[in-house]
Trainee: 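Please find one structure pasted underneath; my questions will follow.
Letters go in sequence order (proteins before strands), and every chain restarts at 1.
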Protein chains: 2
Amino acid sequence: MTAIEQFLEQKNIRPTAMRILVYQFLDTKEIAVGLTAIEHAFDKAERTTLYRTLKTFEEKGVVHQIDDGTGTTKYALCEAGCNCDVEQDLHLHFHCTKCNETTCLTDHKIQPMNLPDNFTAEDVNLVVKGICDKCND
Amino acid sequence: MTAIEQFLEQKNIRPTAMRILVYQFLDTKEIAVGLTAIEHAFDKAERTTLYRTLKTFEEKGVVHQIDDGTGTTKYALCEAGCNCDVEQDLHLHFHCTKCNETTCLTDHKIQPMNLPDNFTAEDVNLVVKGICDKCND
DNA sequence: GACTAAATGCACTACCGTTGCATAAACTTA
DNA sequence: TAAGTTTATGCAACGGTAGTGCATTTAGTC
Ligand SMILES: [Mn+2]
Ligand SMILES: [Mn+2]
Ligand SMILES: [Zn+2]
Ligand SMILES: [Zn+2]
């Protein structure tokens, strides 16, 4: 049993062929990717299966969704030790308007918000748009 | 000529009947509203016209778009004196997961972001999800 | 191997944003 | 005012994405 299979089982996810492939693919990418991008990365890939794979991954705390404002949801592997399924790992996301890539800035945590009276926060989404390091010369 | 007509002309927007109605509608709402909500607010309303009206309003700095993560773009009137068309008015937005309403927290400005080397910011979107004051008893 | 539960493939729906184009309205200028 | 020009509107259609229902296959369980 490979390390990935072990990892998935430990997360209560049956390590099917497709799931392992998706995990491996996400692991090679250090950017967040959308469903269509994953679909195109494989020759024979069923969109629905990928969709449900990512949904499962998210529920079990393997990936987290990113809404970068482009209209297509992105996914990225959670950091090792991240307990997304229990408590949020609220880090900043960056979307480059030039190369169109979305990056997790996991080191840049979001500090607790100051809200008006009687507003209670459950989740925070912070996306910065601009030019990424690769596109800045 | 009414005050609204004057205001629109000053923003270089022809004050047509529909545009005045849309402006008035947005003015009554203190929350951000989506295209479909505006459509349903009028008996005889053409979705495309509303869409283009809002687009024009946005280009001329009358409204600003809000991506609250629900998948439907919301619009809200800019504050008096806000120069959205020139420079951004980066305030916080709040989406209530109970009543599903999105609010501009115009008093809560977004402070400049601390980014990694060679990342340059052009725009920031900060949305807090939770329970709003009306829904908190 | 028989049984059961989960994963997959395929078809199809719903919704939203967006565009093209013909028509109608409004503004301009002679 | 009438002709000409720009702008706004109405209608139809497209494209993309998320999501669901259901039959079939695959994988664990006994
Ligand atoms: Mn992330
Ligand atoms: Mn706002
Ligand atoms: Zn880039
Ligand atoms: Zn509420």
Trainee: What string of B, S and - do you get for nucleotides 25-30 of chain D 5' to 3' if you count protein non-hydrogen atoms under 4.0 Å?
Mentor: ------
Trainee: K29(A): which residues meet the salt bridge (Lys or Arg N to Asp or Glu O under 4.0 Å) condition with it, sequence neighbours left out?
Mentor: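 For K29(A) there are no salt bridge (Lys or Arg N to Asp or Glu O under 4.0 Å) partners, ignoring immediate neighbours.
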Trainee: What residues in residues 24-36 of chain A put a non-hydrogen atom under 4.0 Å from any atom of DNA chain D?
Mentor: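 Only L35(A), T36(A) qualify.
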Trainee: D123(A): which residues meet the side chain to side chain donor-acceptor pair (under 3.5 Å) condition with it, sequence neighbours left out?
Mentor: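 Listed in chain order: nothing, the list is empty.
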Trainee: Looking at DNA chain D, which of residues 41-49 of chain B put a heavy atom within less than 4.0 Å of it?
Mentor: K44(B), E46(B), T48(B), T49(B)
Trainee: Output the residues of residues 63-73 of chain A in contact with DNA chain C, where contact means a heavy atom of the residue under 4.0 Å from an atom of the strand; sort by number or write none.
Mentor: none
Trainee: Can you tell me how far apart CZ (F57(B)) and CG (L50(B)) are? Round to the nearest 0.5 Å.
Mentor: 10.0 Å
Trainee: Look at the side-chain heavy atoms of Ile, Leu, Val, Met, Phe, Trp and Tyr, link any pair under 4.5 Å apart, and say whether I131(A) and V127(A) land in one connected group.
Mentor: no
Trainee: Of all residues at least two apart in sequence or in a different chain, which pass the side chain to side chain donor-acceptor pair (under 3.5 Å) check with K134(A)?
Mentor: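 If we apply the side chain to side chain donor-acceptor pair (under 3.5 Å) test to K134(A), skipping adjacent residues, the hits are E101(A).
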Trainee: Return each pair, listed once, that meets side chain to side chain donor-acceptor pair (under 3.5 Å) where at least one residue sits in residues 16-27 of chain B; pairs must be two or more places apart or across chains.
Mentor: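 Qualifying pairs: none.
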Trainee: Five pairs at each end of the helix from dG1(C)-dC30(D) to dA30(C)-dT1(D): take the axis at both ends and give me the angle between them to 10°.
Mentor: 20°
Trainee: If you take any heavy atom closer than 4.0 Å to DNA chain C, which residues from residues 94-101 of chain B end up in contact?
Mentor: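 Nucleic-acid contacts, sorted: none.
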Trainee: Chain B on DNA chain C: first and last contacting nucleotide, 5' to 3', under 4.0 Å to a heavy atom?
Mentor: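 Answer, 5' to 3': dC16(C) to dC27(C).
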Trainee: Applying side chain to side chain donor-acceptor pair (under 3.5 Å), which residue pairs with at least one partner in residues 66-81 of chain B are found, sequence neighbours left out?
Mentor: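 Non-adjacent pairs meeting side chain to side chain donor-acceptor pair (under 3.5 Å): D68(B)-T70(B), D68(B)-K74(B), D68(B)-T102(B), T70(B)-T72(B), T70(B)-K74(B).
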Trainee: Does any N or O in the side chain of N118(B) come within less than 3.5 Å of the main-chain N or O of N136(A), such that one atom is a donor and the other an acceptor?
Mentor: no
